[in-house]
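This report concerns only the one structure given below.
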Amino acid sequence: MLLRMSTLFLRTLREDPADAEIPSHRLLLRAGYIRRAASGGYTWLPLGYRVYRNVERIVREEMDRMGAQEVHFPALLPREPYEASGRWTAYGDNMFRLKDRRGSDHLLAPTHEEMFTLLVKDLYSSYKDLPLWIYQIQTKFRDEARPRAGLLRLREFVMKDSYSFDTHDSGLDASYAAHRAAYIATFDRLGLDYVIVSAMSGAMGGSRSEEFLHPNQVGEDTFVRSAGGYAANVEAVRTPVPDPIPHDDAPAAHVEDTPDTPTIDTLVALANERFARSDRPWSAADTLKNVVVMLVHPEGSREPLVVGLPGDRDVDPKRLEAQVDPAVVEAFTEADFAANPALVKGYIGPAALGEKSSSGIRYLVDPRVVAGTRWLTGANQAGRHVFDLVCGRDFTPDGTIEAAEIKAGDPAPDGSGPLLLARGIEIGHIFQLGRKYADALDLKVLDENGKLVTVTMGSYGIGVSRAVAAVAESTHDEAGLCWPREVSPADVHIVATGKDPAVFEAAQRLAIDLVDAGLTVLYDDRRKVSPGIKFTDAELIGVPTIVTVGRGLADGVVELRDRRTDARRDLPVAEAAATIRQAIQA
RNA sequence: CGGGGUGUGGCGCAGCUUGGUAGCGCACUCGCUUUGGGAGCGAGGGGCCGCAGGUUCAAAUCCUGUCACCCCGACCA
């Protein structure tokens with residue numbers, strides 16, 4: 001394949017587009033790979049589409065290699081299957097819904113679990129047919145509240161989604177492992193660094209779930225990692241539980257007047273002023289903060305919940321939501337306080353809490369709040385706190401909850417060292433759906449004993465368009481894009497400089513030789529463009545190998561250059577094609 | 001959905017405060033010169049000033065409304 005710059009549908013931009021902030025977005029626009037067509041929707045231009053297809057090809061090859069079979073569904077689907085699974089309503093505003101001319105409801109699929117499940121139900125009815133792995137590479141639609149960051153968060157994007165169908169849990173484990181291995185192979189080929197973090201399966205239901213995150217500051221996912229190799233989604237981090245502390249010699253709890261201390265800061269300040277300790281000052285970590293929220297259960301009932309945690313930490317809303325799923329968390333309003341007089345805003349304490357207390361309000365604490373820990377906390381009266389309240393002696397929570405924020409430096413659950421907070425781009429997600437969809441859509445097969453059993457499923461996604469952005473993010477430099485060989489829009493970028501017709505003849509001959517050898521060549525044959533522009537464009541476009549044919553030709557050489565390292569060497573013209581082929585295949 | 005910002009030619013921007021019918025750089029076209037790191041000179045083409053109302057003799061500019069887009073947050077298998 002020969003791409004001539006003189007006729008290529010391409011216009012590079014000298015300046016950064018004003019609304020592009022992150023490197024992949026900025027450079028893909030500037031280098032003429034994509035153009036914005038809508039909020040959250042981009043057009044692939046010829047160079048960009050070549051890169052996109054390479055990424056897609058790699059994903060497809062690895063899926064085929066593992067033995068998955070490709071199918072293709074419509075993106076425009078009727079309401080009924082999603083009604084049956086409950087997602088017509090459960091998916092919320094992020095699903096595009098529309099009506100046809102007869103007024104029937106349709107949707108633009110955000111994901112295809114229902115359709116895959118129904119397809120298998122349609123065709124298969126025996127355990128002998130399983131396991132089955134099928135996938136598609138499809139445009140997905142999500143009405144994102146805020147598309148952003150170029151290709152990273154789109155409203156219309158391409159995803160490879162695959163699904164596994166097994167009779168038994170052990171089969172699901174094997175299917176999951178096979179996908180995990182295929183993803184590792186895929187991202188390795190794409191040249192993308194990743195960490196595999198355990199994740200909560202959230203609204204999808206199911207059990208085991210892991211995300212492949214490409215560590216990058218522009219990513220939207222926060223995860224934690226330790227030097228010892230632990231990595232997890234913040235929602236999935238388990239707090240190491242300290243041993244109980246002996247408290248036989250602990251002083252008795254005592255209530256003190258603490259006027260005007262509705263916040264941890266004011267409480268700590270007052271404690272240090274009026275109740276100073278000899279050994280060390282009071283700090284937020286000595287206080288037990290009791291945060292009240294309102295849970296809304298799926299069937300609509302509302303339940304107050306109090307979360308107790310050390311005062312130097314806040315509740316992490318995502319971690320809390322993940323713990324109470326499928327209930328959702330709402331703020332506790334003034335009206336709610338009025339309806340629950342046992343809760344004194346700013347002075348809530350354990351004595352008024354717990355399912356067995358008079359209020360009956362569920363009270364869950366951070367795992368660090370173990371028996372024997374001693375706290376300064378609310379006394380359930382305005383302007384009063386209780387000191388030396390000992391967990392296990394003076395109060396017993398209803399249980400623990402992983403809702404406190406994770407802080408850098410917290411210990412990793414597996415003892416592998418302190419945690420660091422990092423950001424990542426979610427490039428893949430695998431999880432065990434279990435029987436959620438098979439139950440909802442009644443996918444059953446006959447097992448070895450002639451008994452009907454519900455099939456267990458796994459679901460596995462790779463964001464193909466997002467992966468293009470992730471590769472660009474991870475490989476670019478100051479001058480421009482810098483593609484790994486397998487995804488580059490071309491194998492070689494030949495730059496012809498000067499005005500000597502002999503240069504263009506030699507460059508074209510070289511280009512044709514390389515094309516004949518099966519390579520894709522991007523040939524800058526523009527006659528009236530200055531060398532500076534051609535070099536700058538070549539660096540922007542980011543083909544890994546750049547060959548310059550120009551003034552060296554008089555000495556019988558062309559220059560071979562590595563885009564990434566900038567290493568250069570002269571090659572005799574006669575051997576150029578062979579040497580370049582070697583260099584590329586190496 | 002909350003907060004902030006921006007809409008003027010393909011891209012980046014000025015003009016708006018103080019109304020007088022649009023300008024600069026890049027890109028594009030033609031000619032001549034130039035050709036190893038974003039060339040020079042000359043001549044050109046291209047803009048419903050996001051949209052709709054209003055004020056005014058006159059609106060890119062003032063007023064009202066509306067739409068779109070970007071950023072932060074919320075949200076997000």
Side-chain angles (χ1 to χ4, degrees), chain A residues 10-22 25-26 29-30 32 35-41 85 87 90-95 109-114 140 142-150 152-155 157 159 161-163 199-206 209-211 218 220-221 233 235 317-318 321-322 325 328-331 426 428-433 436-437 457-463 466 479-480 495-501 503-504 524 526-540 546 548-554 558-559 561 566 568:
Chain A
L10 169 76
R11 184 111 301 146
T12 58
L13 305 177
R14 178 183 294 214
E15 290 168 283
D16 285 333
D19 54 8
E21 307 242 323
I22 69 168
H25 188 201
R26 213 180 68 227
L29 281 170
R30 270 191 63 201
R35 297 292 294 171
R36 200 183 68 81
S39 178
S85 70
R87 288 208 298 176
Y91 211 95
D93 290 338
N94 256 30
M95 187 156 76
T111 170
H112 279 77
E113 278 79 2
E114 288 82 352
K140 307 286 185 187
R142 292 187 194 171
D143 190 0
E144 294 288 350
R146 184 152 94 82
R148 69 183 104 179
L152 280 186
R153 183 158 219 84
L154 297 165
R155 297 209 292 177
F157 60 99
M159 171 176 280
D161 52 329
S162 45
Y163 303 85
M200 302 292 286
S201 38
M204 298 301 297
S209 169
E210 287 168 301
E211 289 177 355
V218 307
E220 298 179 279
D221 290 46
N233 193 304
E235 284 92 326
K318 287 186 175 179
E321 290 261 7
D325 184 76
V328 296
V329 176
E330 284 187 4
E426 182 185 349
H429 196 162
I430 53 178
F431 55 94
Q432 302 191 348
L433 285 175
K436 171 175 171 170
Y437 290 90
M457 296 170 55
S459 154
Y460 317 90
I462 291 179
R466 179 180 284 179
V495 175
T497 64
K499 58 177 179 180
D500 182 355
V503 163
F504 287 86
D524 197 341
R526 294 174 296 179
R527 297 290 176 132
K528 295 191 170 176
V529 173
S530 72
I533 291 176
K534 291 186 175 185
F535 292 136
T536 312
D537 276 349
E539 283 147 15
L540 223 203
I546 299 168
T548 306
V549 182
R551 65 181 178 200
L553 196 63
V558 299
E559 183 190 76
R561 184 176 156 203
D566 203 38
R568 308 171 189 220

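A note on names: the letters A, B, ... follow the listed sequences, proteins ahead of strands, and every chain is numbered from 1.
In this structure, the CZ atom of Arg526(A) is 12 Å from the P atom of A27(B), given to the nearest Å. Regarding Glu144(A), its CD atom lies at a distance of 15 Å from the P atom of G73(B), rounded to whole Å. Across the protein-nucleic acid pair, Arg148(A) atom CZ and C70(B) atom P stand 11 Å apart, rounded to whole Å. Straight-line distance from the CG atom of Asn94(A) to the C1' atom of C1(B): 13 Å, rounded to whole Å. Going from atom CD of Glu114(A) over to atom P of A77(B) covers 14 Å, rounded to whole Å. Between Glu220(A) atom CD and A74(B) atom P the separation is 11 Å, expressed in whole Å. Here C70(B) presents its P atom at 13 Å from CG of Leu152(A), a figure rounded to the nearest Å. At whole-Å resolution of the value, CG in Asp93(A) and P in C1(B) are 9 Å apart.
Listed by chain and residue number, nothing satisfies the salt bridge (charged side-chain N to carboxylate O under 4.0 Å, His left out) test with Asp93(A) (two or more places apart in sequence, or in another chain). In this structure, Asp221(A) has no side chain to side chain donor-acceptor pair (under 3.5 Å) partners at least two apart in sequence or on a different chain. Scored by the side chain to side chain donor-acceptor pair (under 3.5 Å) test, Asp16(A) finds Arg26(A) as partners (sequence neighbours excluded). Annotation: side chain to side chain contact (heavy atoms under 4.5 Å, CB included) contacts of Ala38(A) (sequence neighbours excluded): none. Taking the side chain to side chain contact (heavy atoms under 4.5 Å, CB included) definition, one finds that Glu144(A) meets it with Asn94(A), Arg142(A), Pro147(A), Arg153(A), Arg155(A), sequence neighbours left out.
Residue Lys140(A) is out of contact with every strand shown, counting any heavy-atom pair closer than 4.0 Å. Residue Arg11(A) is in sugar-phosphate contact alone, with no base atom involved, counting any heavy-atom pair closer than 4.0 Å across all strands shown. The residue Ala18(A) sits close only to the backbone: its heavy atoms come under 4.0 Å of sugar-phosphate atoms, none of a base. No contact: Met95(A) has no heavy atom under 4.0 Å from any strand.
Comparing the P positions of C41(B) and G47(B) gives an interatomic distance of 26 Å, to the nearest angstrom. Taking the C1' atoms as reference points, G5(B) lies 23 Å from G9(B), given to the whole Å. Comparing G15(B) with C62(B), their P atoms are spaced 12 Å from each other, to the whole Å. Look at the C1' atom in both G10(B) and G73(B): the space between them is 33 Å, to the nearest Å. Comparing A60(B) with C51(B), their P atoms are spaced 11 Å from each other, to the whole Å. Distance check on atom C1': C24(B) versus C69(B) gives 24 Å, rounded to whole Å. For the C1' atom pair drawn from A68(B) and C32(B), the interatomic distance equals 46 Å after rounding to whole Å. C48(B) and A52(B) have their C1' atoms separated by 13 Å, given to the nearest Å.
Of all nucleotides present, none satisfies the Watson-Crick or G-U wobble test against C75(B) with each distance under 3.5 Å. Shown here, U55(B) forms no base pair; nothing in the strands shown gives a Watson-Crick or G-U wobble contact with both key distances under 3.5 Å. Across all strands shown, C67(B) is found opposite G7(B) as a Watson-Crick or G-U wobble partner, with both distances under 3.5 Å. In this structure G12(B) sits in a base pair with C24(B), meeting the Watson-Crick or G-U test at under 3.5 Å. Both distances falling under 3.5 Å, in either a Watson-Crick or a G-U wobble arrangement, occur for no nucleotide opposite G19(B). Using Watson-Crick or G-U wobble geometry with both donor-acceptor distances under 3.5 Å, U61(B) finds no partner in any strand shown. Under the Watson-Crick or G-U wobble criterion, with both distances below 3.5 Å, C32(B) is paired with G40(B).
With hydrogens and angles left out, the side chain of Arg142(A) and the base of A77(B) share a donor-acceptor pair within 3.5 Å.
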>> Within the 4.0 Å limit for protein heavy atoms, which parts of nucleotides 31-42 of chain B are touched? Write it as a string from 5' to 3', B for base, S for sugar-phosphate only, - for none.
In response: ----BBBBS---
>> Before you tell me yes or no, could you show the steps for Glu21(A) and Arg148(A) under side-chain contact (heavy atoms from CB on, under 4.5 Å), namely the whole-Å CA-CA distance, both residues' side-chain angles and the distance that decides it to 0.1 Å?
In response: CA-CA 10 Å; Glu21(A) 307 242 323; Arg148(A) 69 183 104 179; over 6 Å; no
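Here C11(B) is the nucleotide among C71(B), A77(B), C11(B) with the atom lying nearest to any side-chain atom of Glu15(A).
In this structure, Ala149(A) and Pro317(A) both approach RNA chain B, and ranking their closest nucleotides by distance from the 5' end singles out Ala149(A). Comparing Arg155(A) and Asp16(A) by the nucleotide of RNA chain B whose heavy atom lies nearest to each, the residue mapping closer to the 5' end is Asp16(A).
At C72(B), one or more side-chain N or O atoms of Arg146(A) fall inside 4.0 Å of OP1 or OP2 (strictly under the cut-off).
Annotation for Arg30(A) and Glu15(A): closest pair CG-O, 3.6 Å, computed over non-hydrogen atoms.
In terms of modelled atom types and a separation under 3.5 Å, the side chain of Lys318(A) and the main chain of Glu235(A) share no donor-acceptor contact.
Residues Ser459(A) and Glu113(A) are in side-chain contact: their nearest non-hydrogen atoms beyond the backbone lie under 4.5 Å apart. The closest side-chain heavy-atom distance from Asp537(A) to Arg526(A) is below 4.5 Å.
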